[in-house]
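Reviewing the structure listed below.
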Number of protein chains: 4
Amino acid sequence: MSTSVNKRENILQSALAFFAERGFDATTIPMIANDAKVGAGTIYRYFENKEVLVNTLFQHYVELFTNTLVEEYPSDHSLRDQFHHLFQGMVRFTNEHEHALYFIKTHNAAYFLDETSRKQFEKLLAILRNFLDQGREEEKIRDLPSTALIAIIFGGFLELHKLIRAGEIEASEELLEGVEESCWDAVRTHK
Amino acid sequence: MSTSVNKRENILQSALAFFAERGFDATTIPMIANDAKVGAGTIYRYFENKEVLVNTLFQHYVELFTNTLVEEYPSDHSLRDQFHHLFQGMVRFTNEHEHALYFIKTHNAAYFLDETSRKQFEKLLAILRNFLDQGREEEKIRDLPSTALIAIIFGGFLELHKLIRAGEIEASEELLEGVEESCWDAVRTHK
Amino acid sequence: MSTSVNKRENILQSALAFFAERGFDATTIPMIANDAKVGAGTIYRYFENKEVLVNTLFQHYVELFTNTLVEEYPSDHSLRDQFHHLFQGMVRFTNEHEHALYFIKTHNAAYFLDETSRKQFEKLLAILRNFLDQGREEEKIRDLPSTALIAIIFGGFLELHKLIRAGEIEASEELLEGVEESCWDAVRTHK
Amino acid sequence: MSTSVNKRENILQSALAFFAERGFDATTIPMIANDAKVGAGTIYRYFENKEVLVNTLFQHYVELFTNTLVEEYPSDHSLRDQFHHLFQGMVRFTNEHEHALYFIKTHNAAYFLDETSRKQFEKLLAILRNFLDQGREEEKIRDLPSTALIAIIFGGFLELHKLIRAGEIEASEELLEGVEESCWDAVRTHK
DNA sequence: GATGAATGAGCGTTCATTCAT
DNA sequence: TATGAATGAACGCTCATTCAT
């Protein structure tokens, strides 16, 4: 039981790391099994097949990320504060789950995602969209489709994250503040 | 004669579309052959193997994109004009080559790229880096690593492009102007 | 456990028979798998690839044959007795391993043999060469290159063996004694 | 016409060299076509397929060799002289057709030979068998199956020939005389 | 429940053969 | 007649998945 939970968790962690680093298609079940220190067959006791595994992983982390963004959401603070909360959520989530956001980003349009995964991802987008739509009504956010703005924030942050992961730049406090400011300037109106 | 050119071109176009949509590893030679309406073996008359095919494609489009950015570059105009030139280059290139930029973005760090491909891609980055470094000296561009800013522009634009390709938003003149402005605001200093 | 050993052994036996009968290039993995009653993939659990399989087989039987020739070698008997020992070794080895010597003969110069295989085969030749060189010093063996004499014995015996395997002649005690005498007369001096 | 004859001849010569050096299965049609300086398709104007080509070649050279042995056969000379004639025939044939005898030897039991080829080869053996049977009646040839004796001569001579081809020993007059004597001693009775 | 040996579908690739030119 | 571009069957090999232990 406790063993089982651990095994399942080990499998998920190993799979996450490989999917993020090499992608779903370049990752083999033996690789995951080996890294998770379980038999290859054991993976199939916890996950029907490789696609179920990747969807489970995707849904889990999208939900976790969604919760991170939603928790203690400062609805009654300024729009800038709300943006800060969201951006900090990204940062914190990435710190806590090294591979998760990059995995989500590189696999969110993949051919093997099922309905549930796509819907889960939609829910995440909805939160960001709500924020932006509200801001646009107040004329504090640009009159561009929310999806486009999300793309800029998400895309920017995650390409940055990729560089940090690759060791090409260092994730200092200053850098992150600068990037947050940059993203905010990308999104807000400059009357 | 003309047939051969067409076959080679068909293979390249089919491969580009699949690589962009599913990635290199998830794309099989039979998929490409079928889509290009040639026999599987025919692909090997034009390309030594799958890796040569993907490198050929990568180098071709990185070079084409680089040329697009470099052509008629307004060196003596304002930084904003230069940015416009670069952004318009992206837009034009993407209009002319639907899958190319997305393919470049999703494969530029792939394990199967050869030296030439990597160097070719470095040349492209150098152009963008030069632009940003120059602007930073003039204190018109934020004091963030160029790679990070490139990530924001590239990432933002391409996530947007992905949405356009997916048909979720429409690529109107206004939208693109708005996104350009948004990217510019992400990158420039706001005294 | 015992199953695994058997599978490996079955694969080796099937491969040996095909390699001897049709040659390495004309033998396909599916042929071997089918004959050994294993899945094609199973072969790769035991042998890294087809070349490793053929080299394993080659080395195994060359060593076995070498040992057969060396065991209880009558160094202090007459040259004729030594020849008898070697010839009997060939006969016995061929009786115990139907296809092995023919396989060795037809593949000993093949392009796919690795260093170890070549060295192993050299060791076998060295034994025969030593015997002949010693005899030539005593002027009991013809003054022809040892390699040439080995070729005559080996070639003669194995062409004979081929006929026996093909069922065209029967391997009686008398026949073998006659052939031994014939080979000995081919090799020795007739003062 | 003359061109055609040449093309056909070129194809046969190139095929012979490759078959002798690498074997039938390791030889590709493009290899032959390239070496013969004809298009790959051209080969199929002269030979229905690869197997017909190899059978044509086999039959041609077996017949040629047979004729070499039969020509000017000294029926009324001594057995030893007849043997000399046969052995000289082998030598001469090998000098005139570098790859032919080795090709015949390495392919005479191949799975792809047709009925005609096998019969042709049988005819060649019959000549040698006749010689031996006659000698045995006179009690000048050992009482061993003719096929076995042929195997010794053929096997010995051709293993020797292989060494010469490989450059491991030189084909001097003396060597050949010595080998002939050796073969003769292998075959004759030593009352 | 956990394992990993075994499987075979399907991959990338080669090459005998065909056929439009 | 001669060609070589094109084909697809079949190769060697990998790996998701199964199942006896």
Side-chain angles (χ1 to χ4, degrees), chain A residues 1 3-4 7-8 11 24-34 37-53, chain B residues 1 3-8 11 25-34 36-53, chain C residues 1 3-8 11 25-34 36-53, chain D residues 1 3-4 7-8 11 25-34 36-53:
Chain A
M1 50 189 70
T3 312
S4 297
K7 277 194 205 297
R8 197 187 128 96
I11 292 164
F24 175 78
D25 292 296
T27 300
T28 71
I29 293 288
M31 275 178 203
I32 297 169
N34 190 59
K37 292 180 171 90
V38 299
T42 305
I43 291 176
Y44 289 84
R45 297 203 65 76
Y46 295 98
F47 306 97
E48 207 181 316
N49 56 46
K50 200 183 168 191
E51 299 214 348
V52 167
L53 170 59
Chain B
M1 50 180 77
T3 311
S4 295
V5 171
N6 284 339
K7 276 196 206 297
R8 200 188 126 95
I11 291 164
D25 289 309
T27 299
T28 71
I29 293 289
M31 276 177 200
I32 297 169
N34 193 57
K37 285 175 178 106
V38 299
T42 303
I43 291 176
Y44 292 84
R45 291 200 64 74
Y46 295 99
F47 306 97
E48 206 181 316
N49 55 47
K50 200 186 167 190
E51 299 212 351
V52 167
L53 170 58
Chain C
M1 50 181 77
T3 313
S4 294
V5 171
N6 283 340
K7 275 196 206 298
R8 198 187 126 95
I11 291 163
D25 290 309
T27 300
T28 71
I29 293 290
M31 274 177 200
I32 298 169
N34 192 58
K37 285 175 178 107
V38 299
T42 302
I43 292 176
Y44 292 86
R45 291 201 65 74
Y46 296 97
F47 306 97
E48 207 180 313
N49 55 49
K50 199 184 169 192
E51 299 211 350
V52 167
L53 170 58
Chain D
M1 50 190 68
T3 311
S4 296
K7 278 196 205 296
R8 198 186 128 97
I11 292 164
D25 292 296
T27 300
T28 70
I29 293 289
M31 274 177 203
I32 298 169
N34 189 58
K37 291 182 172 88
V38 300
T42 304
I43 291 177
Y44 289 83
R45 296 203 65 76
Y46 294 98
F47 306 97
E48 206 181 317
N49 56 46
K50 201 182 167 192
E51 299 215 348
V52 167
L53 170 58

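Computed from a predicted structure; not experimentally measured. The figures that follow rest on heavy atoms only: side chains count, while hydrogens, waters and symmetry mates do not. Throughout, a chain's letter reflects where its sequence line sits, starting with A, and its residues are numbered from 1.
Regarding I29(D), its CD1 atom lies at a distance of 19 Å from the P atom of dA9(F), rounded to whole Å. Whole-Å rounding puts the L53(D) CG to dC15(E) C1' distance at 15 Å. Put simply, CD1 on I32(C) is 10 Å from P on dC13(F), counting in whole angstrom units. Here the C1' atom of nucleotide dC11(F) and the CD1 atom of I43(C) are 13 Å apart, to the nearest Å. Between the OH atom of Y46(D) and the C1' atom of dA2(F) there is a distance of 8 Å, given to the nearest Å. Here the P atom of nucleotide dT3(E) and the CG atom of N34(A) are 12 Å apart, to the nearest Å. When the P atom of dA10(F) is taken as reference, atom CE of M31(C) falls 12 Å away, rounded to whole Å. Atom CG in N49(B) sits about 5 Å away from atom P in dT13(E), given to the nearest Å.
Atoms CZ and OG1, on R45(D) and T42(D) in that order, are 8.0 Å from each other to the nearest 0.5 Å.
For K7(C), whose side chain is taken as the heavy atoms from C-beta onward, the closest listed nucleotide among dT7(E), dA6(F), dT13(E) is dT7(E). Looking at the side chain of V38(B), the nearest of the listed nucleotides dA6(F), dG12(E), dT7(F) is dT7(F).
Each of E51(C) and D25(A) was assigned the nucleotide of DNA chain F with the nearest heavy atom; the assignment lying further toward the 5' end belongs to E51(C). Heavy-atom distances to DNA chain E give each of R45(A) and K37(C) a nearest nucleotide, and the one nearer the 5′ end belongs to R45(A).
Scanning all heavy atoms of the two residues, the minimum distance from A40(B) to A33(B) falls at CA-CB, 3.7 Å. I11(B) and I32(B) make their closest contact through O-CG2, 3.9 Å (heavy atoms, listed as atom of the first residue, atom of the second, distance). The minimum heavy-atom distance linking N49(C) with V52(C) is given by the pair OD1-N, 2.9 Å. Closest approach of T27(D) and K50(D) over heavy atoms only: O-NZ, 2.7 Å. Across all non-hydrogen atoms, the minimal contact from F47(A) to R8(A) is CE2-NH1, 3.7 Å. Of all heavy-atom pairs spanning A26(B) and D25(A), the tightest one is CB-OD2, 3.0 Å.
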Under a 3.5 Å cutoff on both atom distances, Watson-Crick or G-U, what's the dot-bracket for DNA chain E ([ ] crossing, | other strand)?
.||||||||||||||||||||

Show the distances under 3.5 angstrom between N or O atoms of the protein and N or O atoms of nucleotides 18-20 of chain E.
none

